[in-house]
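These notes concern the structure reproduced below.
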Amino acid sequence: MSWPENVGICAIEVLFPSQYVDQTELEQFDGASAGKYTIGLGQAKMGFCSDREDVNSLCLTVVSRLMERHHIKPTEIGRLEVGTETIVDKSKSVKSVLMQLFADSGNTDIEGIDTTNACYGGTAALFNSVNWIESSSWDGRYALAVCADIAVYAKGAARPTGGAGAIAMLVGPNAPLVLERGLRATHMEHAYDFYKPDLSSEYPTVDGKLSIQCYLSALDTCYQLYRKKLEKRNPKAADLGLENFDAILFHTPFCKLVQKSVARLCFNDYLLTNKEKRASKYVGLERFDNSTLESTYFDRDVEKAFMTQFNNVFESKTKKSLLLANQVGNMYTPSVYSGLASLLVNVNSAELLGKRIGVFSYGSGLAASMYSIAVTQDAKAFEKFVQKLNYVLPALNSREKVAPETFSELMEVREKNNHAAPYTPTGSISALFPGTYYLKNVDELHRRTYERTPTISNGVH
Ligand code: CAA
C-alpha cells in the first residue's frame, strides 16, 4: 500500500435538533434586556433536545445517515472516533454503542474510542483519524470522526448560549478537503474556565469572563504558532497574516465572540507588523503601537477599532460560516465543524476551489488548535461533495418553534431525570426528524435502548 496522499474529509453529515426556541422570545421570558441575546451575543435561535435524545442517539443518527447518504458499507470503516463532553456513562464509550450499527456486517475490527475535553474532542477525533490513515497502522479503510453534544446551562446568563447537534466526518485519502500537513498549531494549559465537576448534572460550572479570556488567549497563541509554521514551510512568503486564509472558521460559543475573534487576529497581525510598515497598512491605529495582547482581552477601544476597521475581513472570510451557530447555538464539539458545513452550504462551490480554510478549535479546560484545510482543485469532485449537503437548509427551515415556557419545562424534565433508572422518556417522538434514533427506555440496570423514527423512502432525511 502506498503512502496516502491528500488525507482529509471525504464526506460530512450534519445533525441538529428538530425543535428550537427563539432568542428574542427567550430574552423576554428571561427578563433580559431586549437585544442582549440577539445583538449582544449574536444568536437568533437555539436548538434543544427533549429527554428523547441523548449523546448516544445523536451519534447513532448522524453515523447511520452518513453511511446511508454516501452508500458506505459498514465493512469499509476501520476506525471510529467519538469526541464528546456529554457523558452518560463514566466507563462505556459512545463508540461501543455505535458498534450496534456494524453488528450485522460482522465488522468488529474498528479501532478508536471516545475523547473528552470540552468542545475540543471533535478535533481530537479528527486528528486521530487523519493520523491513523497517515500511519503504519492504516489498513486501507476509511475512518469516521464523530462529534456530538447537548449544550445545556442552568437558568441564568449562560443559558442562551446553549445548543445541540452532531457531525460525522468520513476521513480518507484523496479527499475534497485536505488537512494540510505540518500546519497544525496547538496550545494546551490548565484552567478552570468551564468544567463539569458535578457528575450527576448535565450543567457545567462556568466562569464566563475567564472563559472568554482563555478562548482569546488560546486564539492568540495558536495563531502566532500557526504563522511560525507557515513561515517555516514558506520562508519567502511576503505576508504571513490573514491574507493566507480565504475563509476562517472558529469554535462558536456565540457568534459575537467570533466577530471579536476575527478582529483579534487582525490585531495580532498588526502587532507582528514592523512599525514602518504599520504606518501605511494600519492607518489610524497608531495609538495602539504600545498595546500588548495580555493587556487587551477586554479592552473596548482595541476591540472596537479593529472590529470596525476590519469588518470586511469578518464579512468576507467568516460571516458565512456562522449560519448554523446563529440558528442552532453552541453545539460544543461539533460547533467548529458546523462552521465548515455552513460555509459549504452558503458559498458557491466554485468560489472555494483550491482555497485555504483556517480552523480554530477551542475546548475549555483547556485545549486548542489552529490548522488549515486545503480545498481540492477538482471542480467535479467538490461539487458532488457539497451537493450531498443539500438537505441542510430545508431541514433547518422545517424545524418546529417551541415557546420558551415549554423549552424551560423540557429542561426541567431533563434536569430531574438525568441518570434516573428505570426511566421512560416522555418527550414527543413525532416532533423528531425522520430517521432519528431516540431513547426508548432506560432499564433498572441503566441499560439504554433506542429506536428509530421511520426514514423517508428516497433515503434523504
Ligand atoms: N442590546 C444589545 N446588546 C446587549 C444588550 C442589549 N439590550 N444587553 C447586553 N448586551 C451585550 C453586552 O454589552 C455584551 O456585549 P459586549 O461584550 O460586546 O459588550 C453582550 O451583550 C453580553 O452581555 P454580558 O457580557 O452582560 O453577558 P453576561 O455576562 O450576562 O453573559 C456570557 C455572557 C458570559 C458569555 C454567558 O452567556 C456565559 O457564561 N456563557 C457560557 C460560557 C461561554 O460561552 N464562554 C465562551 C468562551 S468558552 C468556550 O468557547 C467553550 C464553550 O463552548 C463553552
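When a ligand or atom number is given, it counts from 1 through the structure's own listing order. Note that this is a predicted model, so its numbers are computed, not measured. Keep in mind that the numbers below use all heavy atoms, side chains included, and drop hydrogens, waters and symmetry copies.
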Handout entry: N or O pair under 3.5 Å between K260 and ligand 1
Key = yes
Completion exercise
Per-atom filter on ligand 1: closer than 4.0 angstrom to a heavy atom of S211 are 42 (C), 43 (C), 45 (N), 46 (C), 47 (C), 48 (S)
Fill in the blank from the handout: The protein heavy atom nearest to atom 40 (N) of ligand 1 is T161 OG1, 3.2 Å
Problem - Protein contact for atom 12 (C) of ligand 1 (heavy atom, distance under 4.0 Å) - result: no
Practice task
Considering only NZ, NE, NH1 and NH2 on the basic side and carboxylate oxygens on the acidic side, decide whether E27 and K36 come within less than 4.0 Å.
Solution key: no
Practice task
Could you grab the distance from atom CD1 of I77 to atom CG of L170, nearest 0.5 Å is fine?
Solution key: 5.5 Å
Problem - Element-labelled atoms of ligand 1 that are located less than 4.0 Å from some non-hydrogen atom of G208 - result: 34 (C), 39 (O)
Problem - K209, portion touching ligand 1 at heavy-atom distance under 4.0 Å - result: neither
Practice task
Measure the acute angle between the ring planes of Y226 and F245, then classify it against the limits of 30° and 60° as parallel, tilted or perpendicular.
Solution key: tilted
Exercise for the section: Considering only non-hydrogen protein atoms, determine which one is nearest to atom 42 (C) of ligand 1 and report residue, atom name and distance to 0.1 Å. Expected result: V206 CG1, 3.6 Å
Handout entry: For atom 31 (O) of ligand 1, closest protein heavy-atom neighbour
Key = A157 CB, 3.8 Å
Exercise for the section: For E27 and ligand 1, answer yes if some heavy atom of the residue is under 4.0 Å from a ligand atom, otherwise no. Expected result: no
Fill in the blank from the handout: atom 14 (C) of ligand 1: closest protein heavy atom, distance to 0.1 Å, is G40 O, 4.5 Å
Problem - Lys/Arg N to Asp/Glu carboxylate O, E231 vs K228, below 4.0 Å - result: no
Exercise for the section: Between A34 and ligand 1, find which residue part has any heavy-atom pair under 4.0 Å and reply side chain, backbone, both or neither. Expected result: backbone
Handout entry: Distance-only polar pair, side chains of T38 and Q23, donor-acceptor under 3.5 Å
Key = no
Exercise for the section: Please state whether the rings of Y195 and Y192 are parallel, tilted or perpendicular, taking 30° and 60° as the class boundaries. Expected result: tilted
Problem - Polar atom proximity, S33 to ligand 1 (N or O, under 3.5 Å) - result: yes
Exercise for the section: Answer yes when R356 and E180 have at least one side-chain N-carboxylate O distance shorter than 4.0 Å, and no when they do not. Expected result: yes
Problem - Distance-only side-chain donor-acceptor flag, N417 / D51, under 3.5 Å - result: no
Handout entry: Under-4.0 Å heavy-atom contact between protein and atom 29 (O) of ligand 1
Key = no
Practice task
Looking only at distances, please establish whether an N/O atom of ligand 1 is found under 3.5 Å from an N/O atom of S364.
Solution key: no
Completion exercise
Counting from 1 in the order shown, the ligand 1 atoms closer than 4.0 Å to a non-hydrogen atom of Y215 are 50 (O)
Exercise for the section: Mark yes when over 12 heavy atoms from residues, nucleotides or ligands other than K304 sit less than 6.0 Å from its NZ; otherwise mark no. Expected result: no
Completion exercise
F194 heavy atoms within 4.0 Å reach ligand 1 at atoms 54 (C)
Exercise for the section: Report yes or no: does C119 have a heavy atom closer than 4.0 Å to ligand 1? Expected result: yes
Handout entry: SG on C214 to NE2 on H187, rounded to 0.5 Å
Key = 8.0 Å
Practice task
Please indicate whether any nitrogen or oxygen in K36 is less than 3.5 Å from any nitrogen or oxygen in ligand 1.
Solution key: yes
Problem - N or O contact, N330 vs ligand 1, cut-off under 3.5 Å - result: yes
Handout entry: D239/K281 ion pair, N-O < 4.0 Å
Key = yes
Completion exercise
Interatomic distance, CG@L66 vs CE@M169, rounded to 0.5 Å, equals 10.0 Å
Exercise for the section: For H251, counting its heavy atoms only, list the atoms of ligand 1 lying under 4.0 Å from any of them. Expected result: 49 (C), 50 (O), 51 (C), 52 (C), 53 (O)
Problem - Approximate separation, where rounding is to 0.5 Å, of N346 CG and L393 CG - result: 7.0 Å
Handout entry: Within-cut-off N or O pair, D193 and ligand 1, under 3.5 Å
Key = no
Handout entry: Nearest-contact summary for atom 44 (O) of ligand 1 - protein heavy atom, Å
Key = P253 CB, 3.4 Å
Problem - Spatial distance of atom CD1 (I212) from atom CG (D193) [nearest 0.5 Å] - result: 10.5 Å
Handout entry: Any protein heavy atom nearer than 4.0 Å to atom 25 (O) of ligand 1
Key = no
Problem - Aromatic plane relationship, F194 with Y332 - under 30° parallel, 30 to 60° tilted, over 60° perpendicular - result: perpendicular
Exercise for the section: Please report which non-hydrogen protein atom sits nearest to atom 22 (C) of ligand 1, along with the residue it belongs to and the distance in Å to one decimal place. Expected result: L41 CD2, 3.8 Å
Practice task
Do me a favour and list the nearest non-hydrogen protein atom to atom 35 (C) of ligand 1 with residue, atom name and distance?
Solution key: F254 CE2, 3.4 Å
Handout entry: For atom 2 (C) of ligand 1, the protein heavy atom that lies nearest, with its residue and separation
Key = G35 O, 3.4 Å
Practice task
Please check if any side-chain donor atom of Y450 sits under 3.5 Å from a side-chain acceptor atom of D54, or the reverse.
Solution key: yes
Handout entry: Short N or O distance, Y153 and ligand 1, threshold 3.5 Å exclusive
Key = no
